[in-house]
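These values consider heavy atoms only, across backbone and side chains, with no hydrogens, waters or symmetry-generated copies.
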Amino acid sequence: MAAVNDPQSPVGGSCRLYLVTPPEIEIRRFGSTLESALDGGDIACVQLRLKNCSDDAVLAAADTLIPIARSRDVTFLINDRPDLARSAGADGVHIGQEDASYEEARAVIGDDGVVGMTCHNSRHLAMIAGEKGADYIAFGAFFPTKTKDPKSRADLDLIRWWSHLMTVQCVAIGGISLDNAAPVIAAGADFIAVSAGVWDHADGPREAVRRFNRLIAETRLEDPIV
């Protein structure tokens, strides 16, 4: 994900935090919440993921949130919709296997934008996405999640395999929290995607981000596979 901040300069090991918005937000209130989260520490990316919302609602949310992310040098992506990402002036798009194809997304976003792809638990889909030019691939779900009904469950061997053999960066997603993130980080994920683990944290999003960054810094990467 070369266009997502500077992934070659992570905090601690080789992993960084990738925030996914709640599926429903009140725009003005969430703007303050996002500011608080981003002030908690290093964050590579924010993905706007609003389901069952009109295009106008997604664009209105992006109009409020993109300047907040940009002011802190955080990449901003929109889920599913390359057309809305381009209209909103986002940095790129995250697409699933049932959304626009990689080729369609790249044509809309352009060569300088970010196109990330969900690959579930499939090595085959991930290799195809990487060969086509995806900026990152996402594996998951690693743990049960309330954000969505996952189509697959992924295991840590998938991250280990990918991180030791491939150069395209990978995002681990699905139910990741402070309680279970350490093994995912140690396995070699370039990014951990977190939603409820930040927004619903008992001490607030800023403290959650601070603790995630501390966990990343303190977690030792596994020895390379030989």
Original post:
Under a 4.5 Å cut-off applied to non-hydrogen side-chain atoms, are I25 and P22 in contact?
Top reply: yes

Subject >> G40 versus V209, closest heavy-atom pair with distance >> reply: C-CG1, 3.6 Å

Original post:
Below 4.0 angstrom, N of the basic side chain to O of the carboxylate: do R49 and D80 qualify?
Top reply: no

Original post:
Where do W199 and A37 come nearest, in terms of heavy atoms and distance?
Top reply: CZ3-CB, 3.7 Å

Subject >> Exam field: side chain S36 to backbone S32, donor-acceptor pair closer than 3.5 Å >> reply: no

Subject >> R81/D99 salt bridge by N-O under 4.0 Å criterion >> reply: no

**OP:** Have a look at L77 and tell me which of V114, V46, I95, I109 forms a side chain to side chain contact (heavy atoms under 4.5 Å, CB included) with it.
**Re:** V114

Original post:
Taking all atoms of both residues into account, what is the closest heavy-atom pair of R153 and P144, and its distance?
Top reply: NH2-CD, 3.9 Å

**OP:** Might you point out which heavy atoms bring V115 and A105 nearest each other, and give the distance in Å?
**Re:** CG1-CB, 4.1 Å

Original post:
Can you hop from M127 to I159 via hydrophobic side chains spaced under 4.5 Å?
Top reply: yes

**OP:** Quick one: pull up CG in L50 and CG in N79 and give me the separation to the nearest 0.5 Å.
**Re:** 9.0 Å

Subject >> Greater than 12 external heavy atoms within 6.0 Å of Q97's CD >> reply: yes

Original post:
Is there a path from V74 to V93 through hydrophobic residues (I, L, V, M, F, W, Y) whose side chains come within less than 4.5 Å of each other?
Top reply: no

Original post:
Should E24 and K51 count as side-chain neighbours, where that means a heavy-atom distance under 4.5 Å?
Top reply: no

**OP:** Take atom CZ of R210 as the centre, draw a 6.0 Å sphere, and report whether it contains more than 12 heavy atoms from other residues, nucleotides or ligands.
**Re:** yes

Subject >> Sidechain N-carboxylate O distance under 4.0 Å for R16, D42 >> reply: yes

Subject >> Exercise: identify the closest heavy-atom pair between I192 and A181 >> reply: CD1-CB, 4.3 Å

Original post:
How far does CG of L34 sit from CG of L19, to the nearest 0.5 angstrom?
Top reply: 7.5 Å

**OP:** Compare every heavy atom of N180 with every heavy atom of G175, then report the nearest pair and how far apart it is.
**Re:** O-ND2, 3.1 Å

Subject >> Apart from I27 itself, residues in the same hydrophobic cluster as defined by side-chain heavy atoms under 4.5 Å >> reply: none

Original post:
Donor-acceptor pair, E218 side chain versus L215 backbone, under 3.5 Å?
Top reply: no

**OP:** Could you check V20 against V194 for side-chain contact (heavy atoms from CB on, under 4.5 Å), going step by step and ending with a plain yes or no?
**Re:** CA-CA 6 Å; V20 180; V194 182; over 6 Å; no

Subject >> Partner of H94 by ring-ring contact (aromatic ring centres under 6.0 Å, His included), out of F191, Y136, Y102, F76 >> reply: Y136

Subject >> Same apolar cluster (I L V M F W Y, side chains within < 4.5 Å links), L17/V184 >> reply: yes

Original post:
Is it true that R106 and D135 have a side-chain N and a carboxylate O under 4.0 angstrom from each other?
Top reply: yes

Original post:
Any donor and acceptor pair, going by atom type alone, linking the side chain of T118 with main-chain N or O of H120 inside 3.5 Å?
Top reply: no

**OP:** Please tell me if the side chains of L38 and R206 come closer than 4.5 Å, counting only heavy atoms from C-beta onward.
**Re:** no

**OP:** Would you sort out whether L48 and L65 count as a side-chain contact (heavy atoms from CB on, under 4.5 Å), showing the intermediate values?
**Re:** CA-CA 9 Å; L48 178 63; L65 302 179; 4.1 Å; yes

**OP:** Could you walk me through whether I43 and F212 pass the side-chain contact (heavy atoms from CB on, under 4.5 Å) test, one step at a time?
**Re:** CA-CA 10 Å; I43 295 171; F212 268 110; over 6 Å; no

Original post:
Above 12 or not: heavy atoms from other molecules or residues under 6.0 Å from CG of N52?
Top reply: no

Subject >> Derivation of the side-chain contact (heavy atoms from CB on, under 4.5 Å) call for F143 and I176 >> reply: CA-CA 7 Å; F143 307 101; I176 295 175; 4.1 Å; yes

Subject >> Rounded distance (nearest 0.5 Å) linking atom SG of C53 with atom CG of L84 >> reply: 11.0 Å

Subject >> Over 12 non-hydrogen atoms of neighbours within 6.0 angstrom of CG in D203 >> reply: yes

Original post:
Where the side chain of S71 meets the backbone of I68, is there a donor-acceptor pair that is under 3.5 Å apart?
Top reply: yes

Original post:
CG/N213 to SG/C15 distance, rounded to the nearest 0.5 angstrom?
Top reply: 9.5 Å

**OP:** Answer yes or no for R123 and W161: cation-pi contact, defined as NZ/CZ to six-membered ring centre under 6.0 Å and angle to ring axis within 45°.
**Re:** yes

Subject >> Same apolar cluster (I L V M F W Y, side chains within < 4.5 Å links), F30/L59 >> reply: yes

Subject >> Distance (rounded to the nearest 0.5 Å) between D112 CG and D91 CG >> reply: 11.0 Å

Subject >> Joint cluster assignment, L125 & V168, ILVMFWY side-chain distance < 4.5 Å >> reply: no

Original post:
How many angstroms lie between OG in S163 and CG in L158, if you round to the nearest 0.5 Å?
Top reply: 9.5 Å

